[in-house]
Participant: 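The structure under discussion is supplied below as structure tokens; questions concerning it will follow.
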Amino acid sequence: MSSKLSDWFKERLGLDDLPFFKTPDYMYKVDYWLGALVASAFIYTVITGLILLLYYNAQAGYNSTEFVINSVPYGSVVLYSHLYGAYAMIILAYVHMFRNYFAGAYKKPRELLWIIGVIMLVLTLGTAFLGYSLIGDALATSAVDVGEGIISSIPGLSIFIPLLFGNYDAGDYGRVLAWHIIFTALIGLLFVFHFFMAEHYGMMPSRKVKDKVPAVYTKEEWQKFNPWWPRNFVYMMSLVFLSWGFILIIPNALAYLNGLPQQLNPFLNPKPAPPPNSPAAAHITTYPPWFFLFLYKIADFTSDVLIFLFIGVIIPLIYLILVPFLDRTEYLHPLKRKVFVGIGILMATYLIQTTIWGDLTPGVEIPVGQQVLVYLPPAIIVALGLTAIKPRTDNKGNIKGTISPITVLAFVLASSLFVIAGIELLANPTILTVGIFIPLAGIFVLTTKKIAPIALKAEQKSENMAISEERVPEWKKKLAEGLVAVLFIYAVVLAAQIWTIPATGYFSNLFGVDLGLIFLMLGEGISLYHYVVYRK
């Protein structure tokens with residue numbers, strides 16, 4: 001982008017007058033921009049949702065979905081990517097939330113920013129559930145049935161069933177669609193507050209720079225950083241196009257897979273299940289959407305709906321909202337907040353474990369002894385692990401080890417899979433379970449080594465390495481310029497031939513794959529442009 005064009009936008013939009021955060025060089029890493037990824041998935045889902053509104057008839061939910069897929073030009077591309085845009089938003093929102101949790105980004109002065117984010121996650125899950133139900137297939141109808149059953153079980157709330165769901169069991173999803181749109185609008189409204197508050201306080205500084213609350217740059221420090229325009233905008237656009245590329249490629253490629261195992265269908269199959277009243281519907285296992293599998297499994301623990309709601313929804317939600325006021329420590333390092341970090345690790349671990357459990361044994365009642373067998377080992381591992389870690393400190397008492405929030409999340413995922421594989425091996429010792437357990441054990445050991453660098457004598461990095469950028473050799477910039485040109489040429493060639501793909505039918509999803517590739521090339525090209533122009 002030429003400086004002349006950049007100045008034109010800056011002047012017309014008054015960007016110098018807006019209180020946007022000026023960014024230091026070391027923050028141009030995805031780790032700091034997870035919120036932008038969530039926003040890009042949200043924007044994509046809104047755009048495709050508006051397109052679908054032009055064709056979707058809520059009075060005939062399932063037939064309308066089939067019409068969009070089979071008769072609307074590139075309708076399946078839009079619908080499948082709309083679904084996976086929502087999936088991406090949920091996953092990224094969880095990663096964003098837990099990353100900030102482990103970084104201590106809920107502490108002063110970001111308490112309200114954190115609480116709004118938690119509310120947005122709840123609204124996102126509700127919006128996704130309602131949107132999933134609009135498909136009107138056997139799985140969606142079953143999911144709404146479960147939701148209706150839960151609400152009906154709470155005294156006094158059954159009168160709201162017609163208001164919430166309408167006559168969905170007759171195929172009329174008008175009321176569900178209305179709530180889907182209302183929830184989306186609420187997310188958009190809160191997003192505006194969330195965005196401007198994030199810009200006001202700025203991204204969370206590295207713990208190498210600010211290790212105590214309030215972790216914000218002073219006005220004097222802030223003025224030395226890179227202006228928001230155009231560098232932040234350029235970097236953000238590279239992330240937006242990259243995320244849109246994956247949102248398009250994955251579901252449209254998966255559309256060509258057939259015969260997926262039953263356990264993988266809730267996660268990987270973008271196509272609708274049979275209609276609820278068809279003979280084929282009797283042969284499928286009914287599931288809620290994958291992002292509610294953890295609740296589905298918890299419902300198998302007890303027949304009391306109120307206890308189920310307290311365990312699965314109310315207690316975790318209240319904790320997340322109150323944690324800024326419960327964690328009163330002034331330090332941000334995870335090893336100086338062991339109790340809250342341990343709770344966070346267990347929350348993420350149990351979320352993953354219970355989701356997989358709900359997928360493997362849907363609707364199977366679980367005795368208390370088996371619940372203890374599944375949930376106790378992670379608690380012991382976390383408690384012993386955090387207790388055993390005795391970090392080294394420098395002369396000023398500062399902890400020298402580094403544990404990034406993303407590393408913690410990787411550890412959570414690895415330990416969850418390791419525990420599940422171990423339990424499966426004990427219950428069913430076969431060559432297959434041994435073959436799965438051994439590599440997962442290796443991954444668990446590696447991530448443990450990463451998360452406990454001092455206890456396991458891992459290599460330490462100097463403090464300055466994390467916050468300073470090495471000077472880029474000129475030949476690397478020349479190579480990046482060449483790659484930008486190549487990507488641009490490939491993108492133009494692909495864009496020229498993409499319109500030859502049939503608009504409907506079996507091959508139409510190749511349009512989504514190719515369009516996703518174009519977005520990926522644009523995103524990578526912009527990322528390389530950022531590298532060439534702004535890296536020193």
Side-chain angles (χ1 to χ4, degrees), residues 45 48-49 51-53 55-72 75-87 90 125-150 161 164-181 183 250-252 254-293 295-296 355 358-359 362-363 504-506 508-509 512:
T45 309
T48 49
I51 296 173
L52 291 172
L53 268 180
Y55 299 99
Y56 181 76
N57 176 13
Q59 277 68 50
Y62 185 82
N63 292 334
S64 182
T65 302
E66 288 292 302
F67 170 75
V68 170
I69 292 173
N70 298 316
S71 303
V72 174
S76 61
V77 173
V78 178
L79 181 62
Y80 295 165
S81 59
H82 179 73
L83 176 69
Y84 272 64
Y87 287 177
I90 294 169
L125 292 173
T127 308
F129 171 77
L130 293 165
Y132 178 90
S133 304
L134 291 173
I135 298 171
D137 60 6
L139 296 179
T141 306
S142 173
V144 181
D145 284 341
V146 172
E148 180 185 310
I150 292 172
I161 297 298
L164 293 173
F165 301 119
N167 196 21
Y168 74 93
D169 50 357
D172 183 353
Y173 288 85
R175 196 55 59 90
V176 178
L177 177 62
W179 283 111
H180 181 63
I181 296 172
F183 274 38
I250 293 174
N252 285 290
L254 289 173
Y256 291 102
L257 293 179
N258 289 315
L260 287 172
Q262 179 73 48
Q263 289 82 2
L264 296 179
N265 269 336
F267 297 96
L268 299 180
N269 190 356
K271 299 177 182 176
N277 298 322
S278 67
H283 300 289
I284 65 171
T285 303
T286 54
Y287 286 86
W290 64 264
F291 45 87
F292 277 155
L293 279 172
L295 283 178
Y296 194 53
T355 297
D359 183 48
T504 57
Y506 180 79
S508 63
N509 290 103

Participant: Report the distance from atom CG of Asn63 to atom OG1 of Thr65, rounding to the nearest 0.5 Å.
Facilitator: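 Going from CG on Asn63 over to OG1 on Thr65, the span is 8.5 Å.
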Participant: If the plane angle is over 60° it's perpendicular, under 30° parallel, otherwise tilted; pick one for Tyr506 and Tyr256.
Facilitator: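 Rings of Tyr506 and Tyr256: perpendicular, as their planes differ by over 60°.
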Participant: Find out whether Leu83 and Tyr80 are in side-chain contact, i.e. whether some heavy atom of one side chain is under 4.5 Å from a heavy atom of the other.
Facilitator: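 Sidechains of Tyr80 and Leu83: no contact.
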Participant: After noting the C-alpha distance and the side-chain angles of Val144 and Val146, does the key distance pass the side-chain contact (heavy atoms from CB on, under 4.5 Å) rule?
Facilitator: CA-CA 5 Å; Val144 181; Val146 172; over 6 Å; no
Participant: Mind checking the CZ-CG spacing from Phe129 to Leu134? Nearest 0.5 Å is all I need.
Facilitator: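 Output value for this atom pair is 10.5 Å.
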Participant: Just wondering, do Leu53 and Leu177 contact through their side chains at under 4.5 Å, heavy atoms?
Facilitator: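 Counting from C-beta outward, Leu177 and Leu53 do come under 4.5 Å.
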Participant: Could you grab the distance from atom CG of Asp145 to atom CG of Asp169, nearest 0.5 Å is fine?
Facilitator: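 The distance works out to 7.5 Å.
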Participant: If the plane angle is over 60° it's perpendicular, under 30° parallel, otherwise tilted; pick one for His82 and His180.
Facilitator: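 Perpendicular, since the angle between the ring planes exceeds 60°.
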Participant: Could you report the tightest heavy-atom contact between Pro275 and Ala281, atom names first, then the distance?
Facilitator: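 Distance-wise, the nearest heavy atoms are O-CB, 3.3 Å.
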Participant: Within a strict 4.5 Å, meaning less than it, do heavy atoms of the Leu295 and Ile150 side chains meet?
Facilitator: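 Not touching, per the 4.5 Å side-chain cut-off.
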Participant: Is the side chain of Ser508 donor-acceptor paired with the backbone N or O of Gly505 at a distance under 3.5 Å, no angle test?
Facilitator: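 Yes.
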Participant: Going by the side-chain hydrogen bond (donor to acceptor under 3.5 Å, both in side chains) test, which pairs reach into residues 127-140, not counting sequence neighbours?
Facilitator: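 Applying side-chain hydrogen bond (donor to acceptor under 3.5 Å, both in side chains) to every pair that reaches into residues 127-140, excluding sequence neighbours, yields nothing.
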Participant: For Tyr55, what residues pass the ring-ring contact (aromatic ring centres under 6.0 Å, His included) criterion, not counting sequence neighbours?
Facilitator: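 Once residues adjacent in sequence are excluded, Tyr55 has no partner under the ring-ring contact (aromatic ring centres under 6.0 Å, His included) criterion.
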Participant: Between Ser71 (side chain) and Val68 (backbone), is there a donor-acceptor pair under 3.5 Å?
Facilitator: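 Not a single qualifying donor-acceptor pair exists.
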Participant: Determine the minimum heavy-atom distance between Asn509 and Ser76, stating which atoms define it.
Facilitator: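 Looking at all heavy atoms of both residues, the shortest contact is ND2-OG, 3.2 Å.
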Participant: Could you give the distance from CD1 (Ile135) to NZ (Lys271), rounded to the nearest 0.5 Å?
Facilitator: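 Separation between the atoms: 13.5 Å.
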Participant: For Phe165, check ring-ring contact (aromatic ring centres under 6.0 Å, His included) against everything at least two apart and list the hits.
Facilitator: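 None.
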Participant: Would you call Thr141 and Tyr173 a side-chain contact if the rule is heavy atoms closer than 4.5 Å?
Facilitator: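 Thr141 vs Tyr173: side chains touch.
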Participant: Looking at CZ of Phe183 and CG of Leu125, how far apart are the two atoms once the value is rounded to the nearest 0.5 Å?
Facilitator: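 Answer rounded to 0.5 Å: 11.0 Å.
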Participant: Does the side chain of Tyr84 come within less than 4.5 Å of Leu254's, by heavy atoms?
Facilitator: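 Yes, close enough: below the 4.5 Å cut-off.
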Participant: Quick check: does any side chain N or O of Tyr296 sit under 3.5 Å from a backbone N or O of Thr355, one acting as donor and the other as acceptor?
Facilitator: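 Checking the backbone N and O of Thr355 against the side chain of Tyr296, no donor-acceptor pair under 3.5 Å is found.
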Participant: Nearest 0.5 Å please: distance from the CH2 atom of Trp179 over to the CG atom of Leu130.
Facilitator: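 Rounded to the nearest 0.5 Å, the CH2-CG separation comes to 9.5 Å.
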Participant: Could you go through the ring pair (Phe, Tyr, Trp, His ring centres under 6.0 Å) check for Tyr56 and Phe67 one step at a time?
Facilitator: CA-CA 8 Å; Tyr56 181 76; Phe67 170 75; over 10 Å; no
Participant: Search all heavy atoms of Leu79 against all heavy atoms of Leu52 and return the closest pair with its distance.
Facilitator: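 In this case the closest contact between Leu79 and Leu52 is CD1-CD1, 3.8 Å.
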Participant: Looking only at non-hydrogen atoms, find the nearest pair between Gly85 and Thr45 and report the distance.
Facilitator: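 Scanning both residues, the minimum pair turns out to be C-OG1, 3.3 Å.
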Participant: Give a yes or no on whether the backbone of Val77 and the side-chain of Ser81 come within a donor-acceptor separation of less than 3.5 Å.
Facilitator: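 Flag set: sc Ser81 to bb Val77 pair under 3.5 Å.
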